[in-house]
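All remarks here apply to the structure that follows.
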Protein chains: 2
Amino acid sequence: MPDNLFPRPEHDHGSCIEHAIGRAHEICAEKSVRLTALRESVLRVLLSSHKALGAYEIIERLQTDGRRLAPISVYRIIDVLLSAGLAHRLESKNAFFACLSEHDSANSMLVLVCDGCYRVAEAEAPDAWGAIKSVTQSSGFAVTETILEIQGTCADCRKTTRPAA
Amino acid sequence: MPDNLFPRPEHDHGSCIEHAIGRAHEICAEKSVRLTALRESVLRVLLSSHKALGAYEIIERLQTDGRRLAPISVYRIIDVLLSAGLAHRLESKNAFFACLSEHDSANSMLVLVCDGCYRVAEAEAPDAWGAIKSVTQSSGFAVTETILEIQGTCADCRKTTRPAA
DNA sequence: AGATGTCTGTAACAATATTGCATTATTCTG
DNA sequence: CAGAATAATGCAATATTGTTACAGACATCT
Ligand SMILES: [Zn+2]
Ligand SMILES: [Zn+2]
Ligand SMILES: [Zn+2]
Ligand SMILES: [Zn+2]
C-alpha cells in the first residue's frame, strides 16, 4: 500500500504550519494579494488542524479576549483565501480548509474527508478528471467547475479504532 | 456528438413526470416506504422542473390557499425521498432534485448542473469511479460516499444563448 | 497633507436547517 | 370493531450559515 494521503498523526505539525504560511506569503506576493495580519490569522486557524472548519467555528477559535470577528469579516477573508487558492471550500459540509498541496487550478484534484477524525486531504486524480471530461464533452456540456469530495475513513482511523489527531 | 444528457426543451414533460411518479410508487412498494399524498406532492414539485430546488422554494411552490408547510415537515419528507433514492441532494447548492435515472446506489453516477438554465442531470461515469477507487484504495481510505457535481453550461444553453426551459 | 483605494467594523437581516413536543392518521392485535 | 402501537404531520422556537448596507480605519500615491 502506497503512502497515506493524510499526514501521520505523529508528524511535525508545527513545521507543517510554518511551511504553509511561508508558501502563502510567496503565493500572495506573486498574485499581488495582501496577506494582512488578520488574513494570516484566519489562515493559521485553518492550518491549526487538518480539518475543515465552518465560518463560525473559525470565529470562535479566533477570538482573543472578548473580541469576536463579525461573520461578514470572516466570510470576506475566506473569499480572499479561496480566490488566492490558499484554502478551499468543502461543499458537502459548508466548511473551509487550508490547501497544503502545490496545485494551481483545482483541476485534477479530489478531496478526501474522514468521518472518524474529520481531517481533509487533497489528492491528484488526473484519471478521474479525464473520465469526467469524456462524459461531459460527449454530451456537449461546457464545464466551469467540478466538485469531487469523498467521504469515508482514513487509514489511520481504520487502524487505531480511535480517531487520529 | 452523442445525445444530450439533459432533456430536450420540447420534450413531453407531462409524461416525464407521470413516468417518474409511477416508478416512485413501484420503488416505495419494494422498499416498504409509504409514498403518502404529501410526500408525493413534494416529489411532484421537484419533478415539475428539471431543476434543483431549495427546501424553502419547495415550501413556496407547495402552498395551496394560505397554508404553508413548516420547514421541518419539508425536511422530513425530503429525508424520506432521499433515503428511498427518489431524490438527491445537490451539495454545492444546498438544494434537492428528483432522480430520473434508474440507478441503485448513487455509485458510478455524477451530477451535471447548468448555470444557464439551472437544470440538473445525472450521468453514468463508471470510468471516473474506477479512477477514484484506485486513488482511495491505494491510500487505504475506505469510501462511504462520493460527491461528484459538475457545474457548467448545457448543450441547449450553449446553442440558444438564452437558457432552455 | 490630500486624494484614492483597500481593508475592517457594526448592525441588521436573509437563508438554511434542527430540536422538542403535541396532534392526527394508519396499521396492528385481539 | 375497540384499543394499542407505530408512523406521519403540525406547531413553535431556535440554531446554523451567509449576506446587505453603510461607516470608519488604514495604506499608498501624489
Ligand atoms: Zn500538519
Ligand atoms: Zn481519520
Ligand atoms: Zn421532463
Ligand atoms: Zn442549461
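The chains referred to below are lettered A, B, ... by the order of the sequence lines, with proteins before strands, and numbering in each begins at 1.
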Task: Connected-component partners of B:Val33 among ILVMFWY, side-chain separation under 4.5 Å - done: B:Val80

- [ ] Using whole Å, report how far CD1 of B:Ile58 lies from C1' of C:dA15.
- [x] 14 Å

Open item on the list: So, using salt bridge (charged side-chain N to carboxylate O under 4.0 Å, His left out) as the criterion, who are the partners of B:Glu57 when residues are at least two apart?
Closed with: B:Arg61

- [ ] Verify the contact: side-chain N or O of B:Ser73 to OP1 or OP2 of D:dT9, cut-off strictly under 4.0 Å; return yes or no.
- [x] no

Task: Nearest-angstrom distance from the residue atom CG of A:Leu69 to P of C:dC7 - done: 15 Å

Task: Sugar-phosphate only, base, or nothing, as touched by A:Arg67 at under 4.0 Å among non-hydrogen atoms - done: sugar-phosphate

TODO: Could you tell me, to 10°, how much the axis swings from one end of the helix from C:dA1-D:dT30 to C:dG30-D:dC1 to the other, five pairs per end?
DONE: 30°

Task: For A:Glu26, all residues meeting salt bridge (charged side-chain N to carboxylate O under 4.0 Å, His left out), sequence neighbours excluded - done: A:Arg23

Between protein and nucleotides 17-20 of chain C, what N or O pairs are separated by less than 3.5 Å?
residue	atom	partner	partner atom	Å
C:dA17	OP1	B:Arg89	NH1	3.1
C:dA17	OP1	B:Arg89	NH2	2.8
C:dA17	OP2	B:Tyr75	OH	2.7
C:dA17	O5'	B:Tyr75	OH	3.2
C:dA17	N7	B:Tyr56	OH	2.6
C:dA17	N6	B:Tyr56	OH	3.4

For nucleotides 4-6 of chain C, give me every protein contact, N/O to N/O, under 3.5 Å, one pair per line with atom names.
residue	atom	partner	partner atom	Å
C:dT6	O3'	A:Arg34	NH2	3.0

Task: Atom pair distance, as rounded to whole Å: CG in B:Leu38 and P in D:dC11 - done: 12 Å

Open item on the list: If you assign A:Arg68 and A:Val80 each to the DNA chain C nucleotide with the nearest heavy atom, which residue ends up on the more 5' nucleotide?
Closed with: A:Val80

- [ ] With sequence neighbours excluded, give me every salt bridge (Lys or Arg N to Asp or Glu O under 4.0 Å) pair touching residues 124-146 of chain A.
- [x] none

TODO: Starting at atom CD of B:Glu91, determine the distance to atom P of D:dT17, rounded to an integer number of angstrom.
DONE: 14 Å

Task: Which residues share a salt bridge (charged side-chain N to carboxylate O under 4.0 Å, His left out) with B:Arg89, sequence neighbours left out - done: B:Glu91

- [ ] Can you tell me the distance, in whole Å, between the CD atom of A:Glu40 and the P atom of C:dC7?
- [x] 15 Å

Open item on the list: Rounded to whole Å, please give me the gap between CD1 in A:Ile77 and P in D:dG18.
Closed with: 16 Å

Open item on the list: Can you list everything that forms a ring-ring contact (aromatic ring centres under 6.0 Å, His included) with A:His19? Sequence neighbours excluded, please.
Closed with: none

Task: Backbone N/O of B:Ile21 and side chain of B:Arg44: donor-acceptor pair under 3.5 Å - done: no

TODO: Check salt bridge (charged side-chain N to carboxylate O under 4.0 Å, His left out) between A:Arg8 and all other residues, then give those that pass, not counting sequence neighbours.
DONE: A:Glu10

Open item on the list: When you measure from the side chain of A:Ser108 to the backbone of A:Pro126, do you find a donor-acceptor pair of N or O atoms at a distance under 3.5 Å?
Closed with: no

Task: Nearest-Å distance for atom pair CG/P, residues A:Leu35 and D:dA27 - done: 15 Å

Task: Counterpart residues, ring-ring contact (aromatic ring centres under 6.0 Å, His included), relative to B:His11 (two or more places apart) - done: B:His13, B:His50

Open item on the list: Just to verify, what does B:Arg76 make a side-chain contact (heavy atoms from CB on, under 4.5 Å) with, not counting sequence neighbours?
Closed with: B:Ile72, B:Ser73

